[in-house]
Amino acid sequence: MKPRILIIYTGGTIGMIQDPSTRTLRPFDFSHLIDNVPKIKMLDYDIEHIQFNPPIDSSNVSPSHWQQLAWEIGRHYDKFDGFVVLHGTDTMAYTASALSFMLEHLHKPVIITGSQLPIGEVRTDGEENLITALQIAAERDPVNGEPMVQEVAILFENYLWRGNRSTKMSADNFNAFGSNNYPSLAKIGLSIHFHNEALWRVHDKLPLRVHNGLDSNVIIVYVHPGMTENVLRHQLSIPGVKGVVLKTYGAGNAPTAPWFNDAIREAVAKGLVIINVTQCPDGGVHQKRYFTGDMLARAGVISGHDITTEAALTKMMFLFGMGLSSKQVAHRLVHPICGEMTI
Ligand code: ASP
């Protein structure tokens, strides 16, 4: 049987063309994209596609697009062996993180890719990324015949990364994505070399469950020298906000000034869920290392360990979207759901 792959084209640079009047790049349709990859016929796969209408620059991505993607994957799940999502790079790590939570009991590959240069450009990275993503989506474990990748992953240039561990690292390099706290799932060179020990495996065979509820009442608060009480309190009291990703210094540290501590304590007492995520791209939060971090722990702030900002934000949207109370969300945040953090 030929591998059956569904491509979902959302937009992004990979399918963009230059607008003649403004000379800026704008998303274009899938037929233009695929016409530029004649080599795709050399893959002996059954490939079908669907596209967002209209395709978008991923700067315009919102939770409703994640719901659309999860829904499409859910309704086509049994018919295909794997899924390739073509997506802009700007918010790709957010989309990958959100989908990883929304697709419970995923046992098939969902490979997200895009490119830095449009597919129509001579030096494009789009063709190679698309072909490699399709090959990874079709790959089977030689030992048991199961899908090699059973999770949401980002393929970009030389690496395959766990989706909810990835971050866009470069606006220029072809290797645009990285994951400082988790190894790559595969290295792409002359061949595709999978790192078996890093791949997500769950041995239950429960059917896919698509969670479509997402709650956007989650914000990111970035701590910085010079932050005033007014600014912090204002953010923590935005009407409707239920969750905060608190971006702290180093190992999870924040000012010990009484106004800072009081504002955080009062917010937690009011029912706000606050997760501590480091501003450092590498390493994680250890709230008990310094007095400045311990203060947050004692105020009721949850350690995000080595989670990325993208995964912390979407995990909270997902948990609140399930209709859980603040207490339940706080409890669930402590535990990894699908490999997004190491405790
Ligand atoms: N602005 C583009 C997008 O995210 C950038 C890209 O695709 O590389 O859609």
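Side chains included, hydrogens not; waters and symmetry mates left out as well; all remaining heavy atoms used. This chain uses plain numbering: 1 for the first residue, then up along the sequence. These numbers were taken from a predicted model, which means no experiment stands behind them.
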Donor-acceptor pair, side chain of Asp81 and main chain of Pro3, under 3.5 angstrom: no
Check for me, please, whether Ile50 and Leu208 land in the same ILVMFWY cluster - side-chain distances under 4.5 Å, paths through other members count. yes
Decide yes or no for Val149 and Leu199: does some side-chain heavy atom of the first lie under 4.5 Å from some side-chain heavy atom of the second? yes
Interatomic distance, Phe318 atom CZ to Ser97 atom OG [nearest 0.5 angstrom]: 12.5 Å
Same cluster for Val329 and Ile337 if Ile/Leu/Val/Met/Phe/Trp/Tyr side chains link at under 4.5 Å? yes
Whether the side chain of Ser58 engages the backbone of Val61 through a donor-acceptor N/O pair (distance < 3.5 Å, no angle test) should be reported. no
What pairs meet the side-chain hydrogen bond (donor to acceptor under 3.5 Å, both in side chains) rule with one or both residues in residues 109-129, with sequence neighbours excluded? Lys39-Glu127
Hey, are Arg4 and Glu48 close enough for a salt bridge, meaning a charged N less than 4.0 Å from a carboxylate O? no
Calculate, to the nearest 0.5 Å, the distance between atoms CG and CZ belonging to Asp204 and Arg201 respectively. 13.0 Å
Start with the C-alpha gap between Asn175 and Asn173, add the side-chain angles, then the distance that decides, and say whether side-chain hydrogen bond (donor to acceptor under 3.5 Å, both in side chains) holds. CA-CA 5 Å; Asn175 269 310; Asn173 288 342; over 6 Å; no
Please report the interatomic distance OG1(Thr95) to NE2(His65), rounded to the nearest 0.5 Å. 9.5 Å
Determine, step by step, whether Gln67 and Met102 satisfy the side chain to side chain contact (heavy atoms under 4.5 Å, CB included) criterion, reporting the C-alpha distance in whole Å, the side-chain angles of both residues, the deciding distance to 0.1 Å, and the verdict. CA-CA 8 Å; Gln67 287 163 331; Met102 296 167 82; 4.0 Å; yes
Would a distance-only check, ignoring hydrogens and angles, find a side-chain to backbone donor-acceptor pair under 3.5 Å from His32 to Asp29? no
Val202 side chain reached by Gln150 side chain, heavy atoms, under 4.5 Å: no
Can you sort out the partners of Tyr182 under ring-ring contact (aromatic ring centres under 6.0 Å, His included), two or more places apart, ordered by chain and number? none
List the steps, then state whether side chain to side chain contact (heavy atoms under 4.5 Å, CB included) holds for Asn212 with Trp71. CA-CA 8 Å; Asn212 247 314; Trp71 182 75; 4.0 Å; yes
Looking at Ile307, is its backbone amide N or carbonyl O close enough to the side chain of Arg165 to form a donor-acceptor pair, meaning the two atoms are under 3.5 Å apart? no
Please examine the side chains of Asp262 and Arg233, heavy atoms only from C-beta on, and report whether any two atoms are closer than 4.5 Å. yes
Using a 4.5 Å cut-off on heavy atoms from C-beta on, say whether the side chain of Phe177 contacts that of Thr167. no
May I ask you to test the Leu333-Met316 pair for a side-chain heavy-atom distance under 4.5 Å? yes
Backbone of Glu72 reached by a side-chain donor or acceptor of His76 within 3.5 Å: yes
Closest approach of Leu160 to Ala153 (non-hydrogen atoms, all atoms of both residues): CD1-CB, 3.7 Å
Only pairs at least two apart or in different chains count here, so list each side-chain hydrogen bond (donor to acceptor under 3.5 Å, both in side chains) that has a residue in residues 190-199. Ser184-His195
Cluster check Ile188, Trp161: I/L/V/M/F/W/Y, side chain < 4.5 angstrom: no
Regarding Asp172 and Ser170, do their side chains bring together a donor and an acceptor under 3.5 Å, going by distance alone? no
Evaluate the side-chain proximity of Leu324 to His331: yes if any heavy-atom separation is below 4.5 Å, no if none is. no
With rounding to the nearest 0.5 Å, note down the distance linking CD1 in Ile34 to CG in Leu130. 5.5 Å
Under a 4.5 Å cut-off applied to non-hydrogen side-chain atoms, are Leu106 and Tyr77 in contact? yes
Between Ile73 and Val110, does the side chain to side chain contact (heavy atoms under 4.5 Å, CB included) criterion hold? Intermediate values first, please. CA-CA 9 Å; Ile73 291 168; Val110 174; 4.0 Å; yes
Give me the atom names and distance for the closest heavy-atom approach of Gly339 to Trp200. N-CZ3, 3.5 Å
Heavy-atom pair with the smallest gap, counting every atom of Pro142 and Met148: CD-SD, 4.4 Å
Distance-only, no hydrogens or angles: does the Asp306 side chain make a donor-acceptor pair with backbone N or O of Thr342 under 3.5 Å? yes
Looking at Phe80, is Lys108 sitting on its ring face, NZ or CZ under 6.0 Å from the six-membered ring centre and within 45 degrees of the normal? no
Non-neighbouring partners of Pro336 that pass side chain to side chain contact (heavy atoms under 4.5 Å, CB included), sequence neighbours left out: Glu340, Met341, Ile343
Sidechain-backbone polar pair: Lys270 side chain, Ser237 backbone, donor-acceptor under 3.5 Å: no
If every non-hydrogen atom of Ala251 is compared with every non-hydrogen atom of Tyr290, which pair is closest and at what distance? CB-CE1, 4.3 Å
Heavy-atom nearest pair, Met92 first then Phe156, reads CE-CE1, 4.0 Å
Does Asp294 pair with Arg289 as a salt bridge, N-O distance under 4.0 Å? no
Is the backbone N or O of Ala198 less than 3.5 Å from a side-chain atom of Arg162, with the two atoms forming a donor-acceptor pair by type? yes
With a cut-off of 6.0 Å (strictly less than), are more than 12 heavy atoms of other residues, nucleotides or ligands near NE2 of His105? yes
Do the two ring centres, one from His211 and one from Phe101, sit under 6.0 Å apart? no
Output, in order, the C-alpha distance, side-chain angles, deciding distance and verdict of salt bridge (Lys or Arg N to Asp or Glu O under 4.0 Å) for Glu310 and Lys168. CA-CA 10 Å; Glu310 294 90 333; Lys168 182 172 178 181; over 6 Å; no
Would you call the rings of Tyr9 and Phe30 parallel, tilted or perpendicular, taking 30° and 60° as the class edges? tilted
Examine Ile14 and Ile47 and state if one hydrophobic cluster contains both, with Ile, Leu, Val, Met, Phe, Trp and Tyr joined whenever side-chain heavy atoms are less than 4.5 Å apart. yes
ring-ring contact (aromatic ring centres under 6.0 Å, His included) partners of Tyr94, counting only residues at least two apart: none
Same cluster or not: are Leu103 and Val85 linked, directly or through other Ile, Leu, Val, Met, Phe, Trp or Tyr residues, by side-chain heavy atoms under 4.5 angstrom apart? yes
Quick one: does Glu229's side chain get under 4.5 Å of Val231's, heavy atoms only? no
I'd like to know whether Gln135 forms a side chain to side chain contact (heavy atoms under 4.5 Å, CB included) with Ile192, so could you lay out the CA-CA distance, the side-chain angles of the two residues, the decisive distance to 0.1 Å, and finally the verdict. CA-CA 9 Å; Gln135 288 182 317; Ile192 301 170; 4.0 Å; yes
Keeping the roles fixed (side chain from Asn164, backbone from Cys338), state whether a donor-acceptor pair exists under 3.5 Å. yes
If you look at every heavy atom in Gln235 and Val221, which pair is closest and at what distance? OE1-CG2, 3.7 Å
Between Asp57 (side chain) and Ser59 (backbone), is there a donor-acceptor pair under 3.5 Å? yes
Show me the donor-acceptor pairs, under 3.5 Å and distance only, between side chains in residues 275-282 and residues at least two apart or in other chains.
unit_1: Asn276; atom_1: OD1; unit_2: Thr248; atom_2: OG1; d: 2.6
unit_1: Asn276; atom_1: ND2; unit_2: Gly252; atom_2: O; d: 3.1
unit_1: Asn276; atom_1: ND2; unit_2: Gln287; atom_2: OE1; d: 2.9
unit_1: Thr278; atom_1: OG1; unit_2: Gly250; atom_2: O; d: 2.6
unit_1: Thr278; atom_1: OG1; unit_2: Cys280; atom_2: N; d: 2.9
unit_1: Gln279; atom_1: NE2; unit_2: Val223; atom_2: O; d: 2.7
unit_1: Gln279; atom_1: NE2; unit_2: Lys247; atom_2: O; d: 2.9

